[in-house]
Amino acid sequence: VDLGVPAGGKCVGIVGRLHPVKRHDLFLETAFQLNQSRPDIHFLIAGDGELKKALKEKVSDYGMAHKVTFTGFTHEIARIYRALDCLVLTSDSEGLGKVLLEAQAAGVPVVARAVGGVPEVLSGGGGLLVNDASPTALASAIAAALNPNTAAMLRSQMPSNLQRFDAGRQITKLEDIYEEICRLKNIK
């Protein structure tokens, strides 16, 4: 898949199944708004699903077909993250938000709505949280994340933030919880 990202430009993307809860419509509204002031940005939508046709129509309606690449489902997710300067998560509901951890592991700053478990995932840094579900608020946060100084600061936070989600650390926490439950129930 040709990602269509011009040399020297910025790339902002969203990764996930094309489902209403993921709010790709909000991502595209934000992209349209950003495009007015930042024509250097290209947008990627990685994933597939029931909304693909409607989202492509929306891109066409916005006159941005040359600015938005739909990758479809891909096993080349590392390639997608390498192309991104910022990952955006616009979901209305999210558990852990695994894409946030994947992006950070690839050194990509994130902008995400403060829903579900997302604030916990980003509490150690590496991304910017947005409480407002408006394109204006998201566009502002994306512009901030693309600022070289802010991006460098967010990248510097990623290693320590990711350590909190290390599998060994998570297993130890789970064991501690089970031991506490057993202690409280007098189970040996």
Side-chain angles (χ1 to χ4, degrees), residues 11-27 30 44-51 71-135 137-138 140-142 144-147 149-188:
C11 186
V12 173
I14 185 169
V15 175
R17 61 192 164 92
L18 308 184
H19 185 274
V21 74
K22 298 297 186 180
R23 293 298 310 271
H24 289 81
D25 61 320
L26 178 58
F27 176 79
T30 303
L44 284 180
I45 298 176
D48 208 350
E50 64 192 78
L51 296 178
T71 68
F73 177 81
T74 179
H75 289 288
E76 298 179 29
I77 198 67
R79 182 172 171 236
I80 299 298
Y81 287 126
R82 280 193 306 271
L84 294 179
D85 293 289
C86 179
L87 174 88
V88 181
L89 185 76
T90 51
S91 298
D92 280 336
S93 175
E94 199 67 50
L96 176 68
K98 185 175 80 168
V99 295
L100 301 174
L101 297 173
E102 291 172 349
Q104 286 190 16
V108 179
V110 300
V111 168
R113 289 186 54 210
V115 298
V118 172
E120 171 63 22
V121 172
L122 295 180
S123 66
L128 302 176
L129 284 173
V130 178
N131 291 310
D132 184 356
S134 74
L138 285 162
S140 177
I142 293 166
L146 291 175
N147 173 287
N149 293 330
T150 304
M153 183 262 306
L154 293 173
R155 282 187 187 96
S156 73
Q157 298 167 344
M158 291 175 190
S160 63
N161 188 49
L162 288 170
Q163 284 178 357
R164 298 180 315 117
F165 296 94
D166 173 75
R169 196 175 251 164
Q170 295 302 313
I171 290 169
T172 300
K173 284 181 183 180
L174 190 57
E175 287 172 342
D176 292 346
I177 290 169
Y178 283 134
E179 286 176 9
E180 179 65 11
I181 290 170
C182 290
R183 187 187 65 74
L184 292 171
K185 300 271 186 186
N186 288 325
I187 300 172
K188 298 197 186 235

Considering non-hydrogen atoms only, spot the tightest contact between [X] and [Y] and give its length.
X: Arg113; Y: Val118; answer: O-CG1, 3.3 Å
X: Val111; Y: Cys86; answer: CG2-SG, 3.8 Å
X: Met158; Y: Gly126; answer: CE-O, 3.7 Å
X: Ala145; Y: Thr150; answer: CA-CG2, 4.3 Å
X: Ala141; Y: Leu128; answer: O-CD1, 3.5 Å
X: Gly16; Y: His24; answer: O-NE2, 3.8 Å

Partners of [X] by side chain to side chain contact (heavy atoms under 4.5 Å, CB included), sequence neighbours excluded?
X: Ala78; value: Arg82
X: Pro119; value: Ala114, Leu129
X: Ala83; value: Leu3, Leu44

Measure the spacing between [atom1] of [X] and [atom2] of [Y] and express it to the nearest 0.5 Å.
X: Asn149; Y: Leu154; atom1: CG; atom2: CG; answer: 11.0 Å
X: Thr71; Y: Glu76; atom1: OG1; atom2: CD; answer: 9.0 Å
X: Thr90; Y: Leu26; atom1: OG1; atom2: CG; answer: 5.0 Å

Holding to salt bridge (charged side-chain N to carboxylate O under 4.0 Å, His left out), I want the full list of residues that pass it with Arg23, two or more places apart in sequence or in another chain. Asp25, Asp92
Listed by chain and number, what are the salt bridge (charged side-chain N to carboxylate O under 4.0 Å, His left out) partners of Glu50, not counting sequence neighbours? none
side-chain hydrogen bond (donor to acceptor under 3.5 Å, both in side chains) against Glu94, all qualifying residues, sequence neighbours excluded: Lys22, Ser91
How would you list, by chain and number, every residue that makes a side-chain hydrogen bond (donor to acceptor under 3.5 Å, both in side chains) with Ser134, sequence neighbours excluded? Asp132
Pairs under 3.5 angstrom only: tabulate donor-acceptor contacts from the side chains of residues 97-108 to other protein residues two or more places apart or in another chain.
residue : atom : partner : partner atom : Å
Glu102  : OE1  : Tyr81   : OH           : 2.6
Gln104  : OE1  : Asn161  : ND2          : 2.8
Gln104  : NE2  : Gly125  : O            : 3.3

Test: ring pair (Phe, Tyr, Trp, His ring centres under 6.0 Å). Region: residues 97-127. Which pairs qualify, not counting sequence neighbours? none
Considering only heavy atoms from C-beta outward, does the side chain of Leu89 approach that of Val110 to under 4.5 Å? no
Is there side-chain contact between Leu84 and Cys11, with at least one heavy-atom pair below 4.5 Å? yes
Give a yes or no answer on whether the side chain of Asp85 reaches the backbone of Val12 with a donor-acceptor pair at less than 3.5 Å. no
Are any side-chain N or O atoms of Ser140 and backbone N or O atoms of Ala137, one a donor and one an acceptor, separated by less than 3.5 Å? no
Looking at residues at least two apart in the chain, or sitting in another chain, which of them share a ring-ring contact (aromatic ring centres under 6.0 Å, His included) with Tyr178? none
Determine which pairs satisfy side-chain hydrogen bond (donor to acceptor under 3.5 Å, both in side chains) with at least one residue from residues 115-128, sequence neighbours left out, and list them in order. Glu120-Arg164, Ser123-Arg164
